[in-house]
*Asks:* 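Below you will find the structure I want to go over with you.
The chains referred to below are lettered A, B, ... by the order of the sequence lines, with proteins before strands, and numbering in each begins at 1.
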There are 2 protein chains.
Amino acid sequence: MKKYSISKQALQRLPSYLNYLNWAKRENVKNISSPTIASDLKLNEVQVRKDLAAISSTGGKPRLGYNVDTLISDIKVFLGYDETDKAVLIGAGQLGRALLSYNGYEDYGLEIVAAFDVDNAVVGKKFKGKPIYHIDMLDRVCKKNNIHIGIITVSAENAQEACDKLVECGILAIWNFAPCHLVVPDNILVQHENTAASLAFLSMHLREKMKNEK
Amino acid sequence: MKKYSISKQALQRLPSYLNYLNWAKRENVKNISSPTIASDLKLNEVQVRKDLAAISSTGGKPRLGYNVDTLISDIKVFLGYDETDKAVLIGAGQLGRALLSYNGYEDYGLEIVAAFDVDNAVVGKKFKGKPIYHIDMLDRVCKKNNIHIGIITVSAENAQEACDKLVECGILAIWNFAPCHLVVPDNILVQHENTAASLAFLSMHLREKMKNEK
DNA sequence: TAGATTGTTAATCGATTAACAATC
DNA sequence: TAGATTGTTAATCGATTAACAATC
């Protein structure tokens with residue numbers, strides 16, 4: 001079994017393999033073949049094999065396919081879900097609180113340590129066990145916990161300011177949920193959570209489909 | 001100016017161009033060149049020109065670049081943000097309420113008409129002006145409003161059931177926020193909002209970066 | 001054994017980038 | 001005019017798919 005270096009696109013497919021394999025596990029599937037995975041996820045079976053070859057520790061067995069449990073654990077290790085990264089979150093509004101309350105992120109190797117806001121109605125409180133501090137405390141908390149990931153869930157108008165503060169505090173990677181462009185130094189990594197892009201896909205395809213059906 | 005058919009990848013870049021151009025507009029930029037856009041968004045300038053050529057109604061002007069306002073409106077038209085699609089949402093929990101309260105989606109051509117849940121604590125109430133109905137009302141509301149898009153914000157355990165109900169009610173496209181695989185008939189479009197994928201990207205790059213800096 | 005499935009090399013396809021003439 | 005920038009063709013690069021031998 002030769003190790004391929006993984007492509008950007010393959011990397012993006014790994015989380016869907018993981019969801020799918022967890023589902024298969026719940027359905028009591030012990031071994032699974034690439035044609036099965038491919039047909040369920042609407043992918044090409046060779047692509048599935050190549051993707052899995054890049055991350056699988058053991059490879060598959062002819063006739064049997066891949067062991068579901070091993071594959072799940074291989075993907076988790078590859079994506080680093082077994083090592084937890086700590087993060088802070090700025091903006092304890094609806095979306096911020098939704099992220100705080102979703103404890104599933106720990107399965108993905110992310111632990112939100114604390115939230116920050118300026119609103120006195122929430123500052124000082126806890127939400128789902130996570131403390132909400134005043135934004136002035138950001139630097140102290142980040143340094144103390146050696147935090148490198150920041151999550152922005154403030155409005156588009158306030159996102160740049162939040163971003164600047166995170167950069168000042170030594171944050172290296174930013175996960176931005178605000179629908180806006182951010183200006184950052186070159187060495188800072190920004191991942192835009194662009195739900196509008198998914199939406200664009202969905203509504204374009206839907207429109208095309210409805211046009212074809214006429 | 002020749003019209004290119006747009007690639008999948010270019011389509012996914014359009015929303016970030018839009019965010020960026022809205023930012024430029026706020027900064028009072030009237031015209032903008034492809035090298036500027038490329039450098040700010042960390043893209044190749046030829047790629048930017050090709051992407052814009054696919055959607056621009058007027059094209060750019062040598063020496064001047066592209067008109068920001070025209071480009072913004074061209075992208076919106078192309079992505080269908082000027083025509084509103086109606087949607088229903090299942091699951092009025094934290095995430096569901098976050099989506100309901102974000103009125104920005106109307107800028108993206110999506111109107112959430114109503115939410116559905118089974119929890120008597122929320123059924124019958126309104127949230128940000130949007131009614132929350134019991135799930136049993138789903139069919140009636142969808143048919144009456146001719147709705148084709150469904151948003152799933154229930155837990156992974158309940159997502160398949162929610163999905164089945166949406167399909168029964170004639171929904172054609174599903175935007176799934178639950179981190180799980182869904183089984184649907186072939187003619188139904190599913191867009192997984194895979195935040196774990198973004199996260200994977202972020203944490204891998206971060207780890208690589210920190211390794212390199214050692 | 002026969003047949004399903006894996007893993008890999010080679011061929012194809014599509015997207016990105018380089019080069020450059022056209023234009024304001 | 002000179003120079004920045006556009007738009008497009010051609011070249012490159014990377015990702016997907018086809019073909020097929022190896023294997024259980």
*Asks:* Please report, rounded to the nearest Å, how far the P atom of dA11(D) is from the CG atom of N44(B).
*Replies:*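 Checked: the CG to P distance equals 18 Å.
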*Asks:* Could you check how far CD of E45(B) sits from C1' of dG7(D), rounded to whole Å?
*Replies:*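 So the CD-C1' distance, E45(B) to dG7(D), works out to 12 Å.
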*Asks:* Counting only side-chain nitrogens and oxygens, does R49(A) get under 4.0 Å of the OP1 or OP2 atom of dG7(C)?
*Replies:*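 False: R49(A) side-chain N/O out of range (4.0 Å or more) of dG7(C) OP1/OP2.
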*Asks:* Spell out yes or no: do the side chain of K50(A) and the base of dT6(C) have one donor N/O and one acceptor N/O closer than 3.5 Å?
*Replies:*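 In this structure, the two groups form no donor-acceptor pair.
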*Asks:* Could you tell me the separation between the CG atom of L52(A) and the C1' atom of dT8(C), rounded to a whole number of Å?
*Replies:*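 L52(A) atom CG is separated from dT8(C) atom C1' by 15 Å.
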*Asks:* With nearest nucleotides of DNA chain D determined for R63(A) and S33(B) from heavy-atom distances, which residue corresponds to the more 5′ nucleotide?
*Replies:*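 The residue closer to the strand's 5' end, by nearest nucleotide, is S33(B).
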*Asks:* Who is the Watson-Crick or G-U wobble partner of dA11(C), with both distances under 3.5 Å?
*Replies:*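 Paired with dT16(D).
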*Asks:* From the set dA18(D), dT6(D), dA18(C), return the single nucleotide nearest to any side-chain atom of V46(A).
*Replies:*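 Between dA18(D), dT6(D), dA18(C), the one nearest the side chain of V46(A) would be dA18(D).
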*Asks:* Tell me the interatomic distance from I6(A), atom CD1, to dT16(D), atom C1', rounded to whole angstroms.
*Replies:*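 Going from CD1 in I6(A) over to C1' in dT16(D) covers 15 Å.
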*Asks:* I need the CG-P distance between L71(A) and dT6(C), as an integer number of Å.
*Replies:*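 Roughly 11 Å, once rounded to whole Å.
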*Asks:* How many whole angstroms separate atom CD of Q9(A) from atom C1' of dC13(C)?
*Replies:*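 About 13 Å, once rounded to whole Å.
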*Asks:* Starting from the C-alpha separation in whole Å, work towards a yes-or-no answer on side chain to side chain contact (heavy atoms under 4.5 Å, CB included) for T195(A) and L99(B).
*Replies:* CA-CA 11 Å; T195(A) 57; L99(B) 295 189; over 6 Å; no
*Asks:* Both P35(A) and Q47(B) contact DNA chain C. Which one's nearest nucleotide lies toward the 5' end?
*Replies:*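 This one resolves to P35(A).
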*Asks:* In Watson-Crick or G-U wobble terms, both distances under 3.5 Å, what is the partner of dT6(C)?
*Replies:*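 dA21(D) - that is the nucleotide pairing with dT6(C), both distances being under 3.5 Å.
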*Asks:* Give a yes/no answer on whether the side chain of S7(A) brings an N or O atom under 4.0 Å of OP1 or OP2 in dG14(D).
*Replies:*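 No.
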*Asks:* How long is the line joining CD1 of I37(B) and C1' of dT6(D), in whole Å?
*Replies:*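 To the nearest whole Å, that distance equals 12 Å.
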*Asks:* Looking only at atom types and distance, does a side-chain atom of S101(A) sit under 3.5 Å from a main-chain N or O of A98(A), one as donor and one as acceptor?
*Replies:*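 Yes.
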*Asks:* Closest-nucleotide mapping onto DNA chain D: is R13(A) or L64(A) further toward the 5' terminus? I mean the 5' end.
*Replies:*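 Final value for this comparison: R13(A).
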*Asks:* Starting at atom CD1 of I55(B), determine the distance to atom C1' of dG7(D), rounded to an integer number of angstrom.
*Replies:*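 My rounded result for the distance is 14 Å.
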*Asks:* Nearest nucleotide by nearest heavy atom, which residue falls closer to the 5' end of DNA chain C, P62(B) or T36(A)?
*Replies:*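 Result: T36(A).
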*Asks:* Do V184(B) and C163(B) have side chains that approach each other closer than 4.5 Å (heavy atoms only, starting at C-beta)?
*Replies:*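 The answer is yes, as the side chains (C-beta and beyond) meet within the 4.5 Å cut-off.
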*Asks:* On the 0 to 90° scale, with breaks at 30° and 60°, tag the Y20(A)-W23(A) ring pair as parallel, tilted or perpendicular.
*Replies:*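 It falls in the tilted class, 30° to 60°.
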*Asks:* Could you walk me through whether L182(A) and Q160(A) pass side chain to side chain contact (heavy atoms under 4.5 Å, CB included), step by step?
*Replies:* CA-CA 6 Å; L182(A) 293 177; Q160(A) 183 63 54; 3.9 Å; yes
